[in-house]
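Some notes on the structure that comes next.
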Amino acid sequence: MSVDVGLVELLEESFEGGEINRKKYKDLADIEIRIKSNTRKIQDTITRVIKDLSKSNPSSSSSSKGVGSGVTMVNGRTCVSVNPTTMRSIGVVHGRSKTGLTVYVEPYEVVELGNLGRELGVKREREINRIFTTLTRKVLDGRDEIERNVQAMSQVDSARGRWRYMERENGCIPEVRDEGVVSVRDCRHPLIKGAKGNHLNVGEGNKGLVLTGPNAGGKTVVMKTFALLALCARDGIPVLGEAGGRVDWFDGVAGDVGDQQSIERGESTYEGSLRRQAEALGRAGGGGSWMVVLDEVGGGTNPRQGEAIGRAVLEDIASNEGARIVATTHFEMVKDLAVKDERFRVGRMEFGADGPTFRLLEGVGESYAIKVAERVGLGERVVRRAEDLMGVEGRRIGEVLEELEKERIKAVEGGNELREKVREAEKEKERLGAERAELARVKRNAREKVAKEFRRELEEKEKILEGIMEDMKKMTEGGKRNGVKVVGNTWRELRVMKRDVGPERGVVGAGVGRAVGETREVQPLKDTEEVSMGEALFALKGAFAGRTGTVVKDNGKNVELQFGGISTRMSKGQLGRAESGGGEGGGDDGGTRVKEGRKQGISKRVEEDLRSAGDSGLLDMRSGKRKDGTMMRMDSNTCDVRGLDVEDGIQKCRDMFSTQMRAGRGTVFILHGHGSKGVLKRKIRDALRSEGVVKKFNKAKDEDGGDAFTEVTLKDGII
């Protein structure tokens with residue numbers, strides 16, 4: 001997507017609350033103010049005219065119901081309703097009522113005001129048209145870009161729609177290959193709510209699936225679900241089933257579903273079915289991968305001939321490498337093919353004691369035609385006659401099959417109950433595992449906390465020993481070297497112990513300092529200033545204000561930049577170039593930016609003052625003290641906490657306090673800056689009140705930096 005920031009800002013500024021923004025378009029606002037003022041004048045004048053008219057002739061006006069009730073707008077003119085006898089003496093007639101008893105007259109006093117109102121109305125419409133014309137031209141200039149954005153957004157919207165459909169329906173994104181395999185567990189048809197899912201599988205070691213079982217048992221729904229799976233995978237639509245399913249790519253779906261009768265073409269149901277089957281044969285035989293679905297294959301004609309044609313059609317389609325078939329049937333010859341031909345699987349729809357359950361099972365199913373007829377209320381006399389026509393042997397076979405089906409259902413239900421218990425046990429196992437993992441995490445965090453505290457204590461002792469070492473080195477001369485050697489050995493052992501304490505206590509990377517980044521000082525660009533390809537520029541205004549973009553092209557006064565995946569055009573006046581500066585972070589630096597190449601701490605002016613003070617005897621250059629005994633701020637006694645958070649800043653101050661006290665110095669200056677709200681300065685000073693080594697603190701003197709620094713006086717005799 002490419003966004004014209006200027007156009008976006010123009011449109012946002014031009015409208016407010018769905019209306020033209022009058023603050024931006026002041027000419028329109030002025031016209032509307034004049035219209036309102038003129039309208040008030042007309043209303044006041046009309047009210048006065050009606051009152052005068054009522055006094056002079058109470059029956060001449062319809063205002064007896066109240067002032068203003070006789071006012072009527074006729075063709076955009078403000079009129080009063082009067083009797084025909086007085087109309088000429090009042091003003092201009094603009095119309096009559098249907099009865100002719102009332103005349104609508106515009107008083108002479110408001111004619112000029114009415115004319116002015118019409119002129120202002122025309123001006124208002126012209127100004128509105130001008131505004132919309134200007135905005136429309138701006139939009140048309142970016143038409144190609146907008147159309148590309150709309151296309152991109154429609155693709156994103158479509159993808160989000162598919163994702164939301166998956167979340168709402170508890171679907172999944174299947175694995176997609178090109179081997180003609182469909183295998184999805186707990187698969188459901190999206191239009192059948194609340195139904196249990198089935199394991200739909202075809203293409204794994206076979207070419208097709210033949211569905212058998214009772215009418216109204218769900219065979220056609222299962223077959224259509226296979227077709228939907230193939231189409232969803234083609235269009236990137238999630239399928240309704242368990243995660244981990246697989247639906248391979250098919251070039252298309254072909255087949256014969258529903259009544260194909262056409263009166264216009266003079267085509268019977270059977271002829272229409274054969275025509276669709278012929279089309280499916282042609283597509284499957286033309287190469288590629290096809291999902292072929294055939295409902296009641298071979299039906300609609302003489303059963304003996306129809307089942308022969310149906311079987312021949314299935315055999316022909318199965319001979320094509322890329323074709324996969326899902327067919328429904330009641331014909332024995334087609335069922336026999338599915339059982340004996342290894343290219344096919346046979347499935348059946350379950351029929352329970354209360355009717356079909358819509359569950360897909362392995363094996364050949366009975367049609368249960370008489371049971372279905374009885375369930376739908378065909379009539380007891382008809383059902384009994386059908387049973388008689390079947391004969392004793394036929395009824396007996398059906399009853400045996402029914403009993404076997406009942407026993408099988410009981411076995412399946414027992415197996416399902418057992419599997420449910422296994423799943424519950426597995427969930428309990430997962431829960432216990434999660435609890436153990438959480439307990440281990442808590443223990444690990446506790447060990448890390450103890451180790452960090454121990455390491456902090458070691459570091460404090462290390463700083464003290466470091467000061468002692470420095471003092472001993474200064475005092476040691478000649479034969480006293482052995483004392484330094486002993487302390488030095490102890491010092492090295494302590495450093496080794498500190499290095500090892502982190503890994504021993506499970507602390508990874510303990511003691512690693514946090515790097516402080518670099519603050520950016522941004523200088524706005526000039527319209528004539530050149531920029532380089534790939535240069536990083538900082539957006540000062542507009543939709544990307546505060547972000548850094550990469551230069552793609554320099555167009556003179558405008559620059560094309562890339563912000564992540566979005567490119568945009570911005571004027572150079574909206575951009576700035578970043579320069580290296582001082583510390584960065586959450587601290588308050590008081591707006592202070594120390595440019596590269598300048599020495600921090602003491603400016604040239606202060607250095608000159610120091611030199612002159614030392615020459616005049618006002619300052620002891622060795623100790624840094626002024627003649628009045630106060631300490632001058634220098635690099636050696638200044639602790640810079642800009643860019644640090646409060647905790648790290650206080651720790652850095654403590655380190656400086658320790659160093660200064662070991663050196664016999666009692667003053668420390670803390671550089672925290674002012675900041676936008678003075679947060680760091682306030683929190684540092686609050687923390688100093690509870691520091692045991694601090695005797696007192698105040699803001700620094702003006703010559704030492706003023707309120708951007710805090711001067712701290714340390715207690716005597718701590719070390």
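In this text, all values refer to a predicted model and were calculated from it rather than measured experimentally. Reckoned from all heavy atoms, side chains included, excluding hydrogens, waters and symmetry mates.
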inquiry  = Please check this pair: side chain of Glu145 against backbone of Gly142, looking for a donor-acceptor N/O pair closer than 3.5 Å.
reply    = no
task = Check the side chains of Arg77 and Asn115 for a donor-acceptor pair under 3.5 angstrom, ignoring hydrogens and angles.
result = yes
Ser37 side chain to Arg34 backbone, donor-acceptor under 3.5 Å = no
query = Say you draw a straight line from CD of Gln43 to CG of Asn38; how long is it, rounded to the nearest 0.5 Å?
reply = 10.0 Å
ask   = Above 12 or not: heavy atoms from other molecules or residues under 6.0 Å from CZ of Arg48?
value = yes
Heavy-atom closest pair, residues Val641 and Gly649 = CG1-O, 3.6 Å
request  = Taking Thr710 for its side chain and Ile670 for its backbone only, find out whether a donor-acceptor pair lies under 3.5 Å.
outcome  = no
ask   = Is the CG atom of Asp686 crowded by more than 12 outside heavy atoms at less than 6.0 Å?
value = yes
key: Arg633 side-chain N/O to Glu711 backbone N/O, donor-acceptor pair under 3.5 Å   = no
ask   = Just by distance, with hydrogens left out, do Ser158 and Arg162 show a side-chain donor and acceptor under 3.5 Å apart?
value = yes
message = So, taking the atom named CG in Asp141 and the one named NZ in Lys138, what distance separates them when rounded to the nearest 0.5 Å?
response = 7.0 Å
query = In Å and rounded to the nearest 0.5 Å, what is the CD1 to OG1 distance from Ile46 to Thr78?
reply = 6.0 Å
message = Any non-hydrogen side-chain atom of Phe538 less than 4.5 Å from a side-chain atom of Thr548?
response = yes
request  = Report yes if some heavy atom in the side chain of Leu561 is under 4.5 Å from a heavy atom in the side chain of Leu575; otherwise report no.
outcome  = yes
task = Please step through side-chain contact (heavy atoms from CB on, under 4.5 Å) for the pair Val93 and Tyr104, ending with a clear verdict.
result = CA-CA 6 Å; Val93 177; Tyr104 305 116; over 6 Å; no
note = Applied to residues 221-247, the salt bridge (charged side-chain N to carboxylate O under 4.0 Å, His left out) test, sequence neighbours excluded, yields Glu179-Arg246, Arg246-Asp248
key: Shortest non-hydrogen contact from Pro190 toward Leu228   = CD-CD1, 3.9 Å
query = Rounded to the nearest 0.5 Å, how far apart are NZ of Lys123 and CG of Asp30?
reply = 11.0 Å
remark   = Tightest non-hydrogen contact, residues Glu106 and Gly114, listed as OE2-CA, 4.3 Å
key: Beyond-backbone contact of Ser14 with Ile131, side-chain heavy atoms, under 4.5 angstrom   = no
query = So, the side chain of Asn149 versus the backbone of Ser2: is there a donor-acceptor pair under 3.5 Å, distance only?
reply = yes
message = Can you tell me if Glu647 has over 12 outside heavy atoms packed within less than 6.0 Å of its CD?
response = no
ask   = Looking only at heavy atoms, what is the nearest atom pair of Pro174 and Cys172, with distance?
value = CD-O, 3.5 Å
message = Could you measure the distance from the OG1 atom of Thr225 to the CG atom of Leu191? Nearest 0.5 Å is fine.
response = 9.0 Å
Summary of salt bridge (charged side-chain N to carboxylate O under 4.0 Å, His left out) pairs that have at least one residue in residues 15-29, sequence neighbours excluded = Glu13-Lys24, Arg22-Glu32
request  = Inspect the contact between Arg283 and Glu279 and indicate whether a charged nitrogen and a carboxylate oxygen are less than 4.0 angstrom apart.
outcome  = no
message = I'd like to check Ile20 versus Phe15 (side-chain heavy atoms, cut-off strictly below 4.5 Å). Are they in contact?
response = yes
ask   = With a 4.0 Å cut-off, would you call Glu127 and Arg124 a salt bridge?
value = no
note = In short, Val293 meets Ala227 closest at the heavy-atom pair CG1-CB, 4.1 Å
task = Would you list the pairs meeting salt bridge (charged side-chain N to carboxylate O under 4.0 Å, His left out) in which at least one residue belongs to residues 548-559, sequence neighbours left out?
result = Asp554-Lys572
key: Given Arg682, Lys699, Lys681, the one that forms salt bridge (charged side-chain N to carboxylate O under 4.0 Å, His left out) with Asp707   = Lys681
message = Counting neighbours of CZ on Arg126 that are heavy atoms of other residues, nucleotides or ligands and sit closer than 6.0 Å, is the number greater than 12?
response = no
task = Specify the closest pair of heavy atoms between His674 and Ala708, including all atoms of both residues, with the distance to one decimal.
result = CE1-N, 3.4 Å
ask   = Is the closest side-chain heavy-atom distance between Tyr165 and Leu240 below 4.5 Å?
value = yes
request  = Check whether any side-chain heavy atom of Asn558 lies under 4.5 Å from a side-chain heavy atom of Ser571, and answer yes or no.
outcome  = yes
inquiry  = Under the criterion side-chain contact (heavy atoms from CB on, under 4.5 Å), I'd like the reasoning laid out for Glu147 against Gln151: C-alpha separation, chi angles, the key distance, then a yes or no.
reply    = CA-CA 6 Å; Glu147 288 179 347; Gln151 184 178 7; over 6 Å; no
key: Nearest-0.5 Å distance that lies between atom CE in Met1 and atom CD1 in Ile146   = 10.5 Å
message = side-chain contact (heavy atoms from CB on, under 4.5 Å) for Leu229 and Cys187? Distances and angles first, verdict last.
response = CA-CA 9 Å; Leu229 291 175; Cys187 188; 3.8 Å; yes
key: Derivation and outcome, side-chain contact (heavy atoms from CB on, under 4.5 Å), residues Phe226 and Val182   = CA-CA 8 Å; Phe226 272 101; Val182 174; 4.0 Å; yes
ask   = Val531 versus Arg577: any side-chain heavy-atom pair under 4.5 Å?
value = yes
query = Would you say Pro107 and Thr45 make side-chain contact, with heavy atoms under 4.5 Å?
reply = no
Over 12 foreign heavy atoms within 6.0 Å of CD, Glu167 = yes
